[in-house]
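Structure record follows, encoded as structure tokens.
Hydrogens, waters and symmetry mates are skipped; everything else that's a heavy atom, side chains included, is used. By convention here, the first residue in the shown sequence is residue 1.
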Amino acid sequence: MNFDYSLEPGRKLEAADYKKHYPLVSVIVPFYNDEKYIEQSVLCILNQTFPYFEILIIDDGSKDKKSLNKLDEVSKLDNRIKVFHKKNEGLAATRDYGASKSCDTSKYFLFIDSDDLIEKTYLECAYWALETNSNAGWAYSDSVGFGTKNYLWNKWFDTKKEKKVNELLSLSLVRKEAYYSVNGYELREKAVNEDWNFWLKLISKGYYPIHMSFYGQWYRRKDTGSELTKSLQNRKRSLEIIRNTSKKIKKGVEAIQFPMLSYEKNTILEKIENIIVPKKKKNNKINLLMFIPWMVTGGADFFNLDLLKRLNKEEYDITILSSVPNNNSLRQKFEKYATVYDLTSFIERKYWLSFVNYIIEKNNINMIFCTNSMFGYSCLNYLKACYPDIPIFDYVHMEEWYYRDGGYARMSSNYKNVIDKTLVCNKGTEKVISEIMGKKKSEISTVYIGVDPEKFNPEKYDKNELLEKYNINNKNKYIISYICRISSQKRPFLLFEIMCKVLKKRNDILFVIAGDGEMLSALKSKVDNEGISDSVIFLGNVKNTMEVYKISDLTLNCSIKEGLALTSYESLSMGVPVVSADVGGQKELIDDSVGVIVPCLQKETDINDYDYSEEEVNNYVLAIDKIIANIENYKNNSRERIIKKFTLDKMALNMDKEIKNVFSNPNKEKIKYGLKLSEDIQHQLLNIEEEFLYDTETDIYLVREYHKKVYGRYYIDKNGKNIFNSKKELLRDKLWQMPIWRKFVNSKFWILLKKVIKRK
């Protein structure tokens, strides 16, 4: 996961304007001569999406004038801030003092040191986690270590392990009742692992934690000499205290850890009475609620991100709900432009609909947008019934006949009676949804995805430098690139057949394959066994794909299914022509001036049939010959086609126009079709478990631990990319990863031996 440690919370004040309410959380901030960091710490609290808190800064006898002046300055930032001064006693005593000064209305304590930080949704998610689990003592999230050391910290909670080593931070939301049941921190000694001791005290009383699976806590690492000296001096005493407290734990506790697998069928709550809903003050913006599955490095996800970047912040306020468990590698990028909640990371599925209703009420949602989210689609009938005046639109990237009889296009058509407008990325999908799936033509529009021509600009790169970087000696050969995830949808085995045919015919071709995926190792094996390794280079997953385009003479796309491939946009923007299968909207982008469209001669439902027709292979070979014969002319036309019609700025303008048109002219006919039923939602919530356990994109440490918890065992490969149901399956995969074994399996001897065994 490429985490950006420079995106620290609290760099500036961004708080929204909410209607006033009494505090539900007392945020306690111990302070001691910390002029450098206190303001950022306070700002990240003020920026919280849950605003009903008080901030109690407890000065533990600071003597530094600059620090005291800064503290006075910070105290004036907001009327929810109160500052108290006391003699120097250490962290534990300071936190307990802060708790004693909390208001009567608060239900929770958040203890945060004056140099640590929290993400803006942290308090809200922790509040929901504890309100929906009344017996839990505290809630915490995965954490980010930053400062002198940068790292990500995500550990599975275990009582036995916690007794031996502390893996928790003080930045947790603690139930006030639980805090007082153990008399708080109590310790009056300094630097004696007061946090660790506090968690053990709670466990000894039977309280369990809630582990939220997103990076919400930021723990600043300073590692100063004085801190190290203190810890060494107090280590013996600290361990003595911990041992004594651990002895009081007679029985371990089971934490609630997200994402959770358990879901009780037919259990959906529309509203939770004890949840207080903050009310944002009305604005004149389009307050958009966006349903997406996750935030990963896929074409649909980059489309969402590119759209968010280009929508005017003065006109839009966007809230995102994701619903498929994942490490969400793009989440930080999405959070620059929207408020993001990963539902799987902090509340059980039975409360998801409650949270949707909460967000609609809290953020004055006046428009709903769904794209590639099965959970989002399942909510639409219900939401139209509850909020008939809120218009709904969706975006469909392609139809997929091998997935739920049409994929998201089918889902869109299933809910056509409540969706005001469906936007698609190509005319082909528009035609399918209209003519085959029955949605009115007037309710569908095509908005092409587009590409950033400045980012994908060939003039920014030097081809010779890149060839040297990737250790490619093309020896005046034409480079054909295949850039994608190596999966069944992309038909990598068809690529193999094409490569073999081309290389038998020509000796001036070099194939470059950039990407990874579940079929990569098998493709490498085929290349090795065929003896064409000298003409095929595997680069693996390349982050800066523009570098691969720059060294390429043409790109190849032989997918069985596309909407309109992002790689095709990028390739043309880099001045590189494309040979592509005639799928989705590829021919709307690739005309005769910039490439060749090849008929797809395989049915989508035969996606796993790797016996390709000779005719289809020959068509690609002829297309490649055609491009190379007039390569310069094709290259000159490619970038010009993008600039004229297919840029991201044009996409954003068209999307903005469509959104505002739906917002201003909602379809009154849709209102009568809303059904306040929950069957669709229940069905989808049950399906999420299967997606979670067996999706290779899911954050592996969570998958591993849940597999172990639910099934009592798990079998997972060394890279953590696949889960197997038996040791036999795992062993078979391990053997397949060995080149010697792959050669043996593909040898004539093994093929003959299998025939003999079958006869017997």
Please report the interatomic distance [atom1]([X]) to [atom2]([Y]), rounded to the nearest 0.5 Å.
| X | Y | atom1 | atom2 | value |
| --- | --- | --- | --- | --- |
| R331 | D342 | CZ | CG | 6.0 Å |
| M655 | L648 | CE | CG | 12.0 Å |
| I486 | C484 | CD1 | SG | 4.5 Å |
| L572 | K635 | CG | NZ | 13.0 Å |
| N372 | M398 | CG | CE | 8.0 Å |

*What residues, two or more places apart in sequence or in another chain, satisfy side-chain contact (heavy atoms from CB on, under 4.5 Å) together with E119?*
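E119 satisfies side-chain contact (heavy atoms from CB on, under 4.5 Å) with P9, W218, E335 only.
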Less than 4.5 Å apart, side chain to side chain, heavy atoms only: is that true for [X] and [Y]?
| X | Y | value |
| --- | --- | --- |
| R639 | M574 | no |
| W401 | K603 | no |
| V144 | Y219 | no |
| V598 | V579 | yes |
| V548 | L539 | yes |
| E616 | C600 | yes |
| F456 | T545 | yes |
| F375 | V324 | no |

Where do [X] and [Y] come nearest, in terms of heavy atoms and distance?
| X | Y | result |
| --- | --- | --- |
| I597 | I590 | CG1-O, 3.6 Å |
| A565 | Q586 | N-OE1, 2.8 Å |
| Q602 | D609 | NE2-O, 2.7 Å |
| I607 | Y610 | O-CE2, 3.9 Å |
| S573 | P453 | OG-CA, 3.5 Å |
| I631 | D553 | CD1-O, 3.4 Å |

*List the steps, then state whether side-chain hydrogen bond (donor to acceptor under 3.5 Å, both in side chains) holds for E518 with S487.*
CA-CA 6 Å; E518 61 271 18; S487 62; 4.6 Å; no
Carboxylate-amine/guanidinium contact [X] [Y], below 4.0 Å:
| X | Y | value |
| --- | --- | --- |
| K645 | E588 | no |
| K501 | E497 | no |
| K561 | E399 | yes |
| D625 | K505 | yes |

Going by atom types alone, do [X] and [Y] pair a side-chain donor with an acceptor below 3.5 Å?
| X | Y | result |
| --- | --- | --- |
| S345 | S213 | no |
| E562 | S559 | yes |
| N557 | Y482 | no |
| E547 | Y461 | no |
| T422 | S412 | yes |
| D649 | T647 | no |
| D528 | S525 | no |

_From F303, Y448, F369, residue fulfilling ring pair (Phe, Tyr, Trp, His ring centres under 6.0 Å) relative to Y395_ =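 One option only clears the test, and that one is F303.
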*Verdict with reasoning, D394 to Y408, per side-chain hydrogen bond (donor to acceptor under 3.5 Å, both in side chains)*: CA-CA 10 Å; D394 67 333; Y408 296 108; over 6 Å; no
*salt bridge (charged side-chain N to carboxylate O under 4.0 Å, His left out) between K120 and E14, intermediate numbers included*: CA-CA 10 Å; K120 68 178 184 178; E14 301 172 346; 5.1 Å; no
*What's the verdict on side-chain hydrogen bond (donor to acceptor under 3.5 Å, both in side chains) for R221 and Y151, showing C-alpha distance, side-chain angles and the deciding distance?*
CA-CA 10 Å; R221 296 300 304 266; Y151 58 86; 3.2 Å; yes
Judged by atom type as modelled, is there a donor-acceptor pair below 3.5 Å linking the side chain of [X] to the main-chain atoms of [Y]?
| X | Y | answer |
| --- | --- | --- |
| R491 | C558 | yes |
| S373 | F291 | no |
| N541 | D516 | no |
| R220 | G145 | no |

_Checking F146 against Y5 for the ring pair (Phe, Tyr, Trp, His ring centres under 6.0 Å) test, could you report, in this order, the C-alpha distance in whole Å, the side-chain angles of both residues, the deciding distance, and whether it holds?_
CA-CA 7 Å; F146 73 112; Y5 294 92; 8.6 Å; no
*Test side chain to side chain contact (heavy atoms under 4.5 Å, CB included) on V340 and T121 and set out the steps.*
CA-CA 8 Å; V340 176; T121 60; over 6 Å; no
*Step by step, work out the salt bridge (charged side-chain N to carboxylate O under 4.0 Å, His left out) result for K644 and E640.*
CA-CA 6 Å; K644 281 184 177 180; E640 184 180 346; 3.3 Å; yes
*Go through the steps for N473 and L467 under the test side chain to side chain contact (heavy atoms under 4.5 Å, CB included), then give the verdict.*
CA-CA 7 Å; N473 184 0; L467 288 170; over 6 Å; no
